[in-house]
Amino acid sequence: MKNINVSAHKITTSITIEDLPTHLDLEASKKTIEDELKTTRKKLGDLQDTMYAHGKYAVLVCLQGMDTAGKDSLIREVFKDFNARGVVVHSFKVPTELEKKHDFLWRHYIALPARGKFGVFNRTHYENVLVTRVHPGYILGEYLPGIESQEDIDTAFWDKRFEQINAFEKIIAQNGTLIFKFFLNLSKEEQKNRLLRRLNKPNKNWKFSPGDLEERKLWPKYMKCYQDVLNRTSKEHAPWYNIPADDKPTARLLVATILLNALKQYDDIKEPELDDEVKAKLSEYKEQLRTE
């Protein structure tokens, strides 16, 4: 199978979203890609066990993408071999009344993974500069001082919100959270195909909402906002990766490979050693168990 060039997907310079690929040809069969994913996710699961014992790093995986981009199935397939205690998934929906009584980052902050664990945000704090920019009326429901109408939500407001997000990520990175942000980049044509599949398969109808079609009409606005997000918030300590998402197996393998390759660079992640006194008595402890 064609080697995956991880660095080619990392956002390190200013981009134009139309130039980012939505399809990646790995020159391999679906079975080969899925087999490679099984191998990679097993290694990831083993590494997470070590990270849990090590207990000094947390991993935050952020997934963003348009509807039908494959976030749910990616989570299921990439983290399938993790110990259940080692990964926690949070799917952020419309904020509750309690959440709207706090700052917009509050509900994300309290959902952050503990050291030794992986946290997966299925939709993330970036909804607050994506959906809310496309639908600025939502901001009025946040009860913010000085925001009485949509006319108050100006460029300075969004600049400040981007600053707050960057500061949030910098703080948690400086305190041991390793951040990976994945933009599941789906083409508009492939989204149409997936929406049609939801309509054509009775067991998938429940996933469809007429609102999906209304949001689809706003595709250009969303792409403009995504471009702004990628350009303004991809940092060395919290990078964005463009994940071509038109083919789901390829997208899953790419995410798993990026995570594994990056985490393997942390050579301080290892299981703690027993203290010398306990280590010196291992034979004695074994004998006690054998003869009890």
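Position 1 is the first residue of the sequence, and the numbers go up from there. What's counted below: heavy atoms across the whole structure, side chains too, no hydrogens, waters or symmetry copies.
- Using a 4.5 Å heavy-atom cutoff, the side chains of Phe180 and Val59 are in contact.
- The aromatic rings of Trp106 and His102 sit parallel to each other, their planes meeting at less than 30°, with 60° as the upper class boundary.
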Requested in this report: Determine, stepwise, if the pair Glu151 / Ser149 fulfils side chain to side chain donor-acceptor pair (under 3.5 Å).
Outcome: CA-CA 5 Å; Glu151 285 68 34; Ser149 68; 3.0 Å; yes
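- Under the ring pair (Phe, Tyr, Trp, His ring centres under 6.0 Å) rule, Tyr126 has a single partner from Phe168, Trp240, Phe104, which is Trp240.
- A donor and an acceptor atom, one from each side chain of Ser7 and Asn5, are located under 3.5 Å apart.
- Gln64 and Arg123 are not linked by any side-chain donor-acceptor pair at a separation below 3.5 angstrom, with hydrogens and angles left out of the test.
- Using a 3.5 Å distance cut-off with no hydrogens or angles, the side chains of Thr233 and Asn166 do not pair a donor with an acceptor.
- Ion pair Lys192/Glu189 flagged as a salt bridge, since at least one NZ, NE, NH1 or NH2 atom sits closer than 4.0 Å to an Asp/Glu carboxylate oxygen.
- Side-chain contact between Cys62 and His125 is present, with at least one heavy-atom pair separated by less than 4.5 Å.
- Note that Arg107 lies outside the cation-pi zone of Phe92, set by a 6.0 Å cut-off to the ring centre and a 45° limit from the axis.
- Under 3.5 Å, the side chains of Asp268 and Tyr57 contain a donor-acceptor pair of N or O atoms.
- Checked for salt-bridge contact, Arg194 and Glu190 meet the test: a charged N lies under 4.0 Å from a carboxylate O.
- When each of Asp159, Asp228, Asp154 is checked for a salt bridge (charged side-chain N to carboxylate O under 4.0 Å, His left out) with Arg133, only Asp228 meets the rule.
- If you take CG on Leu105 and CD on Glu169, they are separated by 9.0 Å, rounding to the nearest 0.5 Å.
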